[in-house]
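Notes follow the structure.
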Amino acid sequence: MTPHELWTALPQEARERVDALVVRRRRLTATEEVLKAGVVPRPALHDCFRLVTVRTEILAARLVPPPRDVDALAGKAAALPGPPVALELEWDGDTQGWILVLGAVLPGPSGRPHPLAQWRETAWTEPLATARTLADRLGVPLRGPGDDGPVPVDARAE
């Protein structure tokens with residue numbers, strides 16, 4: 001199903017919910033919303049994701065900017081279920097390229113850090129400076145993948 005066919009098949013309420021999620025940069029939740037909107041026959045997950053990608057391009061001027069300033073990130077960290085014990089910068093690849101993710105590590109065996117911010121296709125120096133400033137403000141260490149950018153997937157297994 002093409003993105004246009006899928007969009008026209010969605011009920012108006014589902015379209016509004018999808019666009020509201022896209023504007024808030026909640027792509028996975030928007031994809032899930034398309035998938036469970038009741039379109040018959042049920043669209044493939046890939047088709048739902050393609051539609052959300054198209055809606056993101058169409059709504060690009062309305063996207064809520066991600067919080068990247070230290071004050072906003074400190075506020076997000078304060079809203080977590082506990083105080084962070086460290087911050088972590090990690091490169092992650094997705095279908096649209098490399099993303100640098102800043103996460104807050106909470107005490108205990110919680111697993112993955114809680115995401116605070118992400119940067120896509122940007123110079124490494126800006127997120128690193130922001131993360132260092134935030135870590136200093138919170139009084140926690142900053143862990144990261146190094147100053148040389150993303151590590152190729154085959155090199156991570158070593």
Side-chain angles (χ1 to χ4, degrees), residues 3 7 10 13-37 45-153 155-157:
W7 185 249
L10 287 176
E13 300 81 24
R15 290 183 195 181
E16 291 170 6
R17 287 190 303 269
V18 167
D19 278 355
L21 291 164
V22 166
V23 167
R24 292 189 337 255
R25 298 180 180 267
R26 307 236 3 241
R27 293 171 52 97
L28 290 178
T29 309
T31 301
E32 180 183 32
E33 187 67 40
V34 174
L35 191 60
K36 66 179 188 178
L45 181 60
H46 177 73
D47 293 336
C48 298
F49 185 76
R50 280 192 1 218
L51 171 61
V52 169
T53 299
V54 168
R55 295 305 299 165
T56 302
E57 292 168 4
I58 290 169
L59 299 170
R62 292 180 39 205
L63 296 180
V64 173
R68 292 187 180 154
D69 68 89
V70 176
D71 291 333
L73 294 173
K76 282 185 79 171
L80 292 173
V85 295
L87 295 181
E88 187 173 280
L89 278 170
E90 179 178 67
W91 286 103
D92 191 12
D94 75 357
T95 58
Q96 297 184 350
W98 285 103
I99 302 171
L100 186 60
V101 180
L102 174 63
V105 179
L106 299 182
S110 62
R112 297 190 54 88
H114 292 266
L116 296 175
Q118 66 181 17
W119 290 264
R120 179 181 303 281
E121 306 296 328
T122 188
W124 165 249
T125 53
E126 181 221 335
L128 183 59
T130 300
R132 283 186 177 146
T133 303
L134 180 61
D136 289 346
R137 181 179 292 186
L138 299 176
V140 298
L142 173 63
R143 304 188 295 229
D147 293 338
D148 54 353
V151 177
V153 173
R156 291 182 191 176

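Every value quoted in this text rests on a predicted model; they were computed, and no experiment measured them.
Heavy atoms only, all atoms of each residue included: V101 and P115 are closest at CG1-CB, 4.3 Å. Heavy-atom minimum distance, L116 versus A77: CD2-N, 4.0 Å. Smallest separation of non-hydrogen atoms from P83 and P107: O-CD, 3.4 Å. The minimum heavy-atom distance linking A14 with E33 is given by the pair O-CG, 4.5 Å. Among all heavy-atom pairs drawn from A30 and V52, the shortest one is C-CG2, 3.8 Å. Closest of all the heavy-atom pairs between E88 and P113 is OE2-CG, 3.4 Å.
Residues T53 and R27 are in side-chain contact: their nearest non-hydrogen atoms beyond the backbone lie under 4.5 Å apart. Residues L21 and L28 have side chains not in contact (no heavy-atom distance under 4.5 Å, counting atoms from C-beta outward). A heavy-atom distance below 4.5 Å is not found between the side chains of L128 and L100.
To the nearest 0.5 Å, atom CG of residue L102 and atom NZ of residue K76 are 9.0 Å apart.
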Determine, stepwise, if the pair V22 / L63 fulfils side chain to side chain contact (heavy atoms under 4.5 Å, CB included). CA-CA 7 Å; V22 166; L63 296 180; 4.1 Å; yes
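In terms of modelled atom types and a separation under 3.5 Å, the side chain of R15 and the main chain of W7 share a donor-acceptor contact.
With sequence neighbours excluded, the residues that form a side chain to side chain contact (heavy atoms under 4.5 Å, CB included) with L35 are R42, L45, C48. In this structure T29 satisfies the side-chain hydrogen bond (donor to acceptor under 3.5 Å, both in side chains) test together with R26, sequence neighbours excluded. Partners of A135 under the side chain to side chain contact (heavy atoms under 4.5 Å, CB included) rule, at least two apart in sequence or in another chain, are L87, V140, L142. For E32, there are no side-chain hydrogen bond (donor to acceptor under 3.5 Å, both in side chains) partners two or more places apart in sequence or in a different chain. Under the rule for a side-chain hydrogen bond (donor to acceptor under 3.5 Å, both in side chains), the partners of D19 that lie at least two apart in sequence or sit in another chain are R55. Partners of R137 under the side-chain hydrogen bond (donor to acceptor under 3.5 Å, both in side chains) rule, at least two apart in sequence or in another chain, are D71.
Looking at L10, T56, V18, T31 one by one, the single match for side-chain contact (heavy atoms from CB on, under 4.5 Å) with L51 turns out to be L10.
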